[in-house]
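Keep in mind that this is a model prediction, so the values were computed, not measured. Each chain gets a letter, A, B and so on, in the order the sequences are listed, and its residues count up from 1.
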2 protein chains.
Amino acid sequence: MSMGDARGRILFAAEELFSEHGFDAVSMNAIALRAGASKANVFHHFSTKNALYLAVLLRARQEAASHLRSLEHGNGPFARRLADFAGSHLARLLEQKQLSRLILRELLTIGPHRAQELAEHVFEENFRRFVLILRAGQGSGELRPDLDAAMVATILLGANVFFFEARTLLRHFRDVEFMEKPEQFTEMLVDILLHGIGPSPHPVRSRPLRGSGSRINRDTAAAARRNRK
Amino acid sequence: MSMGDARGRILFAAEELFSEHGFDAVSMNAIALRAGASKANVFHHFSTKNALYLAVLLRARQEAASHLRSLEHGNGPFARRLADFAGSHLARLLEQKQLSRLILRELLTIGPHRAQELAEHVFEENFRRFVLILRAGQGSGELRPDLDAAMVATILLGANVFFFEARTLLRHFRDVEFMEKPEQFTEMLVDILLHGIGPSPHPVRSRPLRGSGSRINRDTAAAARRNRK
DNA sequence: GAACCGACTGACCGATCGGTCAGTCGGGGA
DNA sequence: TCCCCGACTGACCGATCGGTCAGTCGGTTC
């Protein structure tokens, strides 16, 4: 929790508050209080409120980029890589929920100009990497070649993001039972995607992902977690 | 633009500003200016800033509920109903982007308590209605019975919401070509879902989803034919 | 006409906002 | 020893915040 230097504590407090309440709802005084510093000291380390916000955002981006870069381990079968990616991505959203919310908030606020910058410098690299995985799957015949790979990527990411951002809502729906089990969500998501994506004339449902029985393998998410560390 | 009474103009201005910048970033003065009224008059019609915000939010909810209720016309084949639902939902997100953003903003802010209220009073009804459509599809054999219907609903809604909220970003990605054509997005989405959802050995592929057998899915139709053999 | 109404306004309130400033303090280099 | 520098503070600034208030105005009712 408490980092040694005040600067770190300020950044941490700002990250918490900004992600929880948004930029305008958080005062520099509140940040200083939570960080255990004086307001003037906050301005000593960060020249303006906006500079502090940008510093927090920068950390979020770097964190996101570095983490997603670690997902490149993939040489296994396509289904496995897909499940790994989906599981890791969702797990990361949930683990770093403050940063995730921060970025989702940004998404709602930014205009076209900042969007382009954000797209090019931060997200496109990861998105493209994912798309390339999918294209590789198409090339090797493990994925329907007529599909738009970016489309598939969008669906998968969208499902994960929606799971994350609407989870406090979905949790209350009678029909929803998977909210407390992200791994199960990932598993079902990949199952659904695969059988829509699979190239074979018959759905590949009978073909096991990892050589176990006909049921969708229950431990892909666990495998993803294992692979990550 | 200009509605007759000042109260209406205030509500309209508030809706614009709140959805664009968020609650805390908008001052009552700004709302009054945009509405062409004095700040005191705004307080004459709405006792507090929060009351005004709630009034805007209430309108958004009612609007959302009434519109989704109009989607219940469904007696056609399952694939058609699914495409209709997805298409209408996405179209509505894009048409009413101010209200949509408003609600997405709320989702990021609310705590568990307000979430429950919001869930029960506004969204669950629509969500459940959609789930029932899916369950009906399962009952009539048009949809894989082993799937969690709520899960399928979440994926579809998530894809649409993500399309909406990330569209300023996605538009800049080289791999993404469908951002300017929501109908094409819906079509591909439903295609992917259907072939993952269809009952196992022979997926039900209803003919054209939308009235005209348009050029739209020459690729996907070809793939469907390929998959069938 | 008098009495009353809701719509509406400008001037004003205390609180809080982001940001500044002069100055205190402790540690390290000369 | 002196000096300097970065971390840090409390007191303070003008601007703006949400909200109040006394009062004006045009229309309706008796």
Side-chain angles (χ1 to χ4, degrees), chain A residues 1-60 98 101-102 105-106 108-111 114, chain B residues 1-60 98 101-102 105-106 108-111 114:
Chain A
M1 168 78 86
S2 64
M3 319 177 62
D5 53 328
R7 191 191 156 94
R9 286 186 343 251
I10 291 171
L11 263 176
F12 187 78
E15 177 185 315
E16 280 187 325
L17 292 174
F18 280 145
S19 70
E20 195 160 352
H21 306 289
F23 180 84
D24 298 277
V26 174
S27 72
M28 294 299 264
N29 208 344
I31 294 173
L33 280 178
R34 158 121 28 162
S38 68
K39 191 177 69 161
N41 195 22
V42 175
F43 279 98
H44 171 69
H45 288 287
F46 303 92
S47 58
T48 64
K49 183 184 185 182
N50 207 58
L52 173 55
Y53 181 70
L54 289 180
V56 170
L57 216 57
L58 181 66
R59 220 176 65 85
Q98 322 233 32
R101 282 212 287 212
L102 210 62
R105 241 181 242 280
E106 270 270 302
L108 283 178
T109 303
I110 55 178
R114 296 245 316 135
Chain B
M1 170 68 110
S2 65
M3 317 177 61
D5 53 329
R7 191 189 155 95
R9 282 180 353 243
I10 292 170
L11 263 176
F12 187 77
E15 179 186 313
E16 280 189 323
L17 292 173
F18 280 145
S19 70
E20 195 160 351
H21 308 289
F23 180 85
D24 298 278
V26 174
S27 72
M28 293 299 263
N29 209 344
I31 294 173
L33 279 178
R34 160 124 23 166
S38 68
K39 191 176 71 162
N41 195 21
V42 175
F43 278 99
H44 171 69
H45 288 288
F46 304 92
S47 59
T48 64
K49 183 183 185 182
N50 208 59
L52 173 57
Y53 182 70
L54 289 180
V56 170
L57 215 58
L58 182 66
R59 220 176 66 84
Q98 321 231 33
R101 279 211 289 213
L102 210 61
R105 243 182 241 282
E106 269 272 302
L108 283 177
T109 305
I110 55 179
R114 295 242 319 135

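Taken to the nearest 0.5 Å, the CG atom of B:Leu17 stands 10.0 Å off from the CZ atom of B:Phe12.
To the nearest angstrom, P of D:dG19 lies 8 Å from NZ of B:Lys49. Spacing between atom CG of B:Asn29 and atom P of D:dT16 amounts to 9 Å, rounded to whole angstrom units. A:Leu33 has its CG atom 14 Å from the C1' atom of C:dC17, to the nearest Å.
Under the side-chain contact (heavy atoms from CB on, under 4.5 Å) criterion, A:His45 pairs with A:Ala6, A:Arg7, A:Ile10, A:Asn41, not counting sequence neighbours. In this structure B:Phe23 satisfies the ring pair (Phe, Tyr, Trp, His ring centres under 6.0 Å) test together with B:Phe18, B:Tyr53, sequence neighbours excluded. In this structure B:Glu15 satisfies the salt bridge (charged side-chain N to carboxylate O under 4.0 Å, His left out) test together with B:Arg59, sequence neighbours excluded.
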Under 3.5 Å, N/O pairs linking protein and nucleotides 23-26 of chain D:
none

Please tabulate, one pair per line, each protein N/O and nucleotide N/O from nucleotides 7-12 of chain D that are separated by under 3.5 Å, including the distance.
{"from": "D:dA7", "atom 1": "OP2", "to": "A:His44", "atom 2": "NE2", "distance (Å)": "3.0"}
{"from": "D:dC8", "atom 1": "OP2", "to": "A:Asn41", "atom 2": "ND2", "distance (Å)": "3.3"}
{"from": "D:dC8", "atom 1": "OP2", "to": "A:His45", "atom 2": "NE2", "distance (Å)": "2.8"}
{"from": "D:dC8", "atom 1": "O5'", "to": "A:Asn41", "atom 2": "ND2", "distance (Å)": "3.2"}
{"from": "D:dT9", "atom 1": "OP2", "to": "A:Ser38", "atom 2": "N", "distance (Å)": "3.1"}
{"from": "D:dT9", "atom 1": "OP2", "to": "A:Ser38", "atom 2": "OG", "distance (Å)": "2.9"}

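Sorted by first and then second residue, the pairs that involve residues 22-39 of chain B and meet side-chain hydrogen bond (donor to acceptor under 3.5 Å, both in side chains), not counting sequence neighbours, are B:Glu16-B:Arg34.
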How far apart are the C-alpha atoms of B:Leu54 and B:Asn50, what are their side-chain angles, what is the distance that settles it, and do they pass the side chain to side chain contact (heavy atoms under 4.5 Å, CB included) test? CA-CA 6 Å; B:Leu54 289 180; B:Asn50 208 59; 4.0 Å; yes

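Just one of B:Leu57, B:Val26, B:Val42 meets the side-chain contact (heavy atoms from CB on, under 4.5 Å) condition when paired with B:Leu52; it is B:Val42.
The side chain of A:Ser27 contributes an N or O atom lying less than 4.0 Å from OP1 or OP2 of C:dC17.
Checked by atom type and distance alone, the side chain of B:Arg105 pairs as donor or acceptor with a backbone atom of B:Glu20 at under 3.5 Å.
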